[in-house]
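Please read the structure below before turning to the comments.
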Amino acid sequence: MFQSNAPLEAGAMKIGYARVSTEEQNLDLQRHALDAAGCDKIFEDHGVSGSISIRQGLNEALAALRRGDVLVVWKLDRLGRSLHHLIEVVTGLQDQGIGFLSLQEQISTNSSGGRFYLHILAALAEFEREMIRERTRAGMQAAKRRGVKLGRPHKLSDADIEIAKKMLANGTTRQDIAKGLGVSLLTLRKALREPLGGE
C-alpha cells in the first residue's frame, strides 16, 4: 500500500475521509487503509452517493483541516462527485496550504509528480467542460435551423393577451382576468408588460 513519506509540519495531522454509496456497503476496507496511512482522525459518509454535493462527513473533514494538514482518501472517487468537483476541492486545499493524498492512485500534492498529475486532471476537466459547451451550442444552432423556438414557452398566447387587454379596458380587475386565464397575476402583468407592483 502506498504511503506518503513526506514529513508533516510540527503539530500537523492527517485527516482521513471515507465514503460508501449504499447502506449495504461497509467502510472497513477504507478505515483499515486510512489507519495504516497514519490518519489521526477519520470522517465518514455511509450510504451517501458521490453525486450529492452536501455531505456531512466530508464537510466535517474539510472543517477540521488546518494549514500543514493532509486530507487522505482511499481512492479519488471517494472525494469528488465529478472530475471538476475533485479539482475544485483539491485546489481549494492547496490554496489553504493543506496537502492531499490518495492512496490507491498514489497521488500526493506534497510531491512534484502528484501536483503534475493534478494539473493534468485539471486540464482534462476544462477540456470536458469546453466539449459540453460546444455540444450545447451546436445543439441549439441545429434546433434553431429546424425552426424550434428555444427558451421557456409563454404561458399566455397572443390571443390571450388581446383578450386580457379588452377585459381590462372594460373594467375587469387584473385578479379576475388572471383567474379566468388560469395564470398568476405576476404572469399576467409580465404578459401585459406592466410594472410588477400595484394592483
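Remember, it's a predicted structure, so these values are computed and weren't measured experimentally.
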I'd like to know whether R66 forms a side-chain contact (heavy atoms from CB on, under 4.5 Å) with M13, so could you lay out the CA-CA distance, the side-chain angles of the two residues, the decisive distance to 0.1 Å, and finally the verdict. CA-CA 8 Å; R66 299 291 179 264; M13 296 194 301; over 6 Å; no
Heavy-atom check, side chain of L76 versus side chain of I107, under 4.5 Å: yes
Transitively linked via ILVMFWY side-chain contacts under 4.5 Å: L86 with V20? no
Does CG belonging to D95 count more than 12 external heavy atoms closer than 6.0 Å? yes
Looking at S111 and S108, would you say the former's side chain and the latter's main chain have a donor-acceptor pair under 3.5 Å? yes
Quick check: closest heavy atoms across G99 and L93, and the distance to 0.1 Å? O-CD1, 4.3 Å
Counting only N and O atoms by type, is there a donor-acceptor contact under 3.5 Å from the side chain of D176 to the main-chain atoms of T172? no
Quick check: do H85 and V89 have side-chain heavy atoms less than 4.5 Å from each other? yes
Looking at every non-hydrogen atom in both residues, tell me the closest pair between A178 and L188 and how far apart they are. N-CD2, 3.9 Å
Side chain to side chain contact (heavy atoms under 4.5 Å, CB included) partner of V183, the single match among I177, D160, L156: L156
Please say yes or no: joined through hydrophobic side-chain contacts below 4.5 Å, possibly via intermediate residues, are V48 and W74 part of one cluster? no
Before you tell me yes or no, could you show the steps for V73 and L101 under side-chain contact (heavy atoms from CB on, under 4.5 Å), namely the whole-Å CA-CA distance, both residues' side-chain angles and the distance that decides it to 0.1 Å? CA-CA 6 Å; V73 295; L101 170 62; over 6 Å; no
Ignoring hydrogens and angles, tell me if any N or O in the side chain of D45 forms a donor-acceptor pair with the backbone of L58 under 3.5 Å. yes
Donor-acceptor check, side chain of K165 to backbone of L192, threshold 3.5 angstrom: yes or no? no
Using 0.5 Å steps for rounding, measure from the CD1 atom of I87 to the CD atom of Q94. 9.0 Å
Is the closest side-chain heavy-atom distance between Y117 and Q106 below 4.5 Å? no
So does F100 get a backbone contact from the side chain of T109, meaning a donor-acceptor N/O pair under 3.5 Å? yes
Establish, from distance only, whether the side-chain atoms of R189 and T187 form a donor-acceptor pair under 3.5 Å. no
Using modelled atom types and a 3.5 Å cut-off, is there a donor and acceptor pairing between side-chain atoms of R78 and backbone atoms of R19? yes
Walk me through it: do L71 and L79 pass the test side-chain contact (heavy atoms from CB on, under 4.5 Å)? CA-CA 10 Å; L71 177 65; L79 176 63; 4.2 Å; yes
CD (Q141) and CZ (R145) are apart, to the nearest 0.5 Å, by 6.5 Å
For the hydrophobic clusters of this structure (ILVMFWY residues joined by side-chain heavy atoms under 4.5 Å, transitively), does one cluster hold both I42 and V70? yes
Quick one: closest heavy-atom pair of V72 and C39, and the distance? CB-SG, 3.7 Å
Find the distance between CD (Q30) and CG (L34) and round it off to the nearest 0.5 Å. 7.0 Å
Which heavy atom of A12 sits nearest a heavy atom of G68, and at what distance? CB-O, 3.3 Å
Under 6.0 Å from the CD atom of Q56, do we count more than 12 heavy atoms belonging to anything else shown? no
Would you check if the side chain of H46 reaches a backbone N or O of Q25 as a donor-acceptor pair within less than 3.5 Å? yes
Show your working on side-chain contact (heavy atoms from CB on, under 4.5 Å) between I163 and K166 and close with a plain yes or no. CA-CA 5 Å; I163 291 169; K166 288 176 182 176; 5.9 Å; no
Indicate yes or no for a side-chain donor-acceptor contact from D40 to the backbone of K14 under 3.5 Å, with no hydrogens or angles considered. yes
So, Q96 side chain and G92 main chain: donor-acceptor pair closer than 3.5 Å or not? yes
Kindly give the heavy-atom pair with the smallest separation between A64 and D69, and that separation in Å. O-OD2, 3.9 Å
Are Y17 and L29 linked, directly or through intermediate hydrophobic residues, by side-chain heavy-atom contacts shorter than 4.5 Å (ILVMFWY only)? no
Residue set satisfying salt bridge (Lys or Arg N to Asp or Glu O under 4.0 Å) with R31, at least two apart, ordered chain then number -> D28, E44
Has the side chain of E105 got a donor or acceptor atom that lies under 3.5 Å from a matching backbone atom of K75? no
Quick check: closest heavy atoms across G57 and F43, and the distance to 0.1 Å? O-CB, 3.5 Å
Euclidean distance, M167 CE relative to R174 CZ, rounded to 0.5 Å: 12.5 Å
